[in-house]
Amino acid sequence: MLVANTETIAGYRIVEVKGLVQGNTVRAKHAGRDIAAGFKNIVGGELKGYTELLTESRRQATERMLAQAEQLEANAIVNVRFTTSAVTTGAAELYAYGTAVVVVPDEEY
Amino acid sequence: MDPLTEYAIKFGIFLFLMSLGLFVGRHREWSHFCDIANREEAMSDMLVTQVKSFPAATMKDSPPCMVVAEVVVATDYLKSFLAKLRNIFGGEVGSYQSLLVRARSEAKLRIQEQARNLGYNAICNIRFQTADVGGNSTQTRVAMVAIIASGTAYHAAPHAS
């Protein structure tokens, strides 16, 4: 499965559009991470716990999107976008969406 | 305990946190910026664009591939205190500006490193966005910024120059 956040893929031609595919996940951070972040707030720097949380959520959302694309028998997803929203304090949604398409290698390349 | 010693202790803790922010925080920020500068130097031959097309694309062994990275960075105690002061008078909050610069540069470098590890030499359609990691809990009130950077890595023809 080819995944790109561009509208086209270099070297490939889109022959069929299968439609919108999406995946989302809502994750809560645990109290331990909050406490660690509280300490980090004194000296500053990267909050690794939160970065990991975001990476996990993004992977999960992307997997769900890929599963949808596979179901539609697409072989690529173009124009992938991510967006996040705070559902409540302590939980955030990560939403990934894109357009599932069928691509073939372009002979002109 | 009489109120005077109580205030003295509170003020002592405040001074301690401020100095931690001033010395440890400043040092950490400075070393992070040095690290970013070094890594950017190493990545200077990579073609990074924000356009939606693929400049100078060549078809070599593998098709384009999306790269994503996220970073969450917090400020130090001194900087959040300065920002609170700034809140009274208004104007540009310089201490948070550098925080955002730091987070974006780090995120950009991470996707560049990902692309390089996958064997690509260019990235197009690079996008930065701030993310939400679930808001700040009221007790900690961490001033932090989360950035998601995404782009499409591909093979580009070597520079003409």
Side-chain angles (χ1 to χ4, degrees), chain A residues 2-12 26-29 31 33-59 62 76-94 96 98 103 105-106 108-109, chain B residues 17 20-21 23-29 32 51-54 57-59 63-80 99 102-103 106 124-127 129-144 146-148 150-156:
Chain A
L2 293 177
V3 182
N5 73 343
T6 46
E7 284 161 20
T8 53
I9 301 177
Y12 290 84
V26 180
R27 292 232 170 187
K29 51 187 187 185
R33 279 176 171 161
D34 268 352
I35 293 162
F39 283 124
K40 239 339 172 9
N41 193 33
I42 297 165
V43 291
E46 188 182 352
L47 304 171
K48 291 236 164 62
Y50 288 169
T51 306
E52 275 164 28
L53 181 83
L54 213 50
T55 310
E56 281 164 25
S57 316
R58 195 248 308 158
R59 287 223 175 102
T62 312
I77 307 175
V78 291
N79 216 19
V80 174
R81 296 279 179 271
F82 296 105
T83 174
T84 58
S85 51
V87 180
T88 57
T89 308
E93 185 207 27
L94 201 142
V103 292
D106 199 338
E108 282 171 37
Y109 257 84
Chain B
L17 291 178
L20 262 185
F23 297 110
V24 186
R26 276 290 146 87
H27 174 73
R28 285 173 63 102
E29 192 191 15
H32 191 201
V51 294
K52 286 180 181 172
S53 57
F54 294 80
T58 54
M59 277 323 277
C65 167
M66 191 164 165
V67 281
V68 193
E70 41 282 289
V71 183
V72 186
V73 183
T75 45
D76 56 60
Y77 194 81
L78 177 76
K79 285 196 165 191
S80 25
L99 177 76
R102 215 173 137 184
E106 179 68 39
C124 69
N125 202 28
I126 188 162
R127 292 280 179 274
Q129 72 175 113
T130 50
D132 215 311
V133 281
N136 297 337
S137 59
T138 39
Q139 312 98 322
T140 53
R141 232 181 243 302
V142 183
M144 61 180 180
I147 300 280
I148 302 181
S150 55
T152 301
Y154 67 102
H155 296 286

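None of these values were measured; they are calculated from a predicted model. To find a chain, count down the sequence lines: A is the first, B the second, and so on, and within it residues start at 1.
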Measure distances from Val68(B) to the heavy atoms of chain A and classify the residue's part below 4.5 Å as side chain, backbone, both or neither.
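Interface part for Val68(B): both.
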Can you tell which part of Arg102(B) gets under 4.5 Å to a heavy atom of chain A, answering side chain, backbone, both or neither?
side chain
Go through Ser53(B), Ala153(B), Cys65(B), Pro64(B) and name the one with the most non-hydrogen pairs under 4.5 angstrom from chain A.
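Heavy-atom pair counts peak at Pro64(B).
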So which of Ser150(B), Gly21(B), Ser80(B) has the largest heavy-atom pair count under 4.5 angstrom toward chain A?
Ser150(B)
[X] versus chain B, the contacting section by heavy-atom distance below 4.5 Å:
{"X": "Leu54(A)", "result": "both"}
{"X": "Val80(A)", "result": "both"}
{"X": "Ile77(A)", "result": "neither"}

With sequence neighbours left out, write down each residue that passes side chain to side chain contact (heavy atoms under 4.5 Å, CB included) with Thr6(A), or none if nothing qualifies.
Ala4(A), Phe54(B), Cys124(B), Asn125(B), Thr152(B)
With sequence neighbours left out, what residues match Thr55(A) under side chain to side chain contact (heavy atoms under 4.5 Å, CB included)?
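Side chain to side chain contact (heavy atoms under 4.5 Å, CB included) list for Thr55(A), sorted by chain: Thr51(A), Arg58(A), Arg59(A), Glu70(B).
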Between Glu7(A) (side chain only) and Lys52(B) (backbone N and O only), is there a donor and an acceptor less than 3.5 Å apart?
no
Distance check, rounded to the nearest 0.5 Å: Glu46(A) atom CD versus His32(B) atom NE2?
7.0 Å
Shortest non-hydrogen contact from [X] toward [Y]:
{"X": "Ala57(B)", "Y": "Ala10(A)", "answer": "CB-CB, 3.9 Å"}
{"X": "Leu2(A)", "Y": "Pro63(B)", "answer": "CD2-CG, 3.3 Å"}
{"X": "Thr84(A)", "Y": "Ala131(B)", "answer": "OG1-CA, 3.3 Å"}

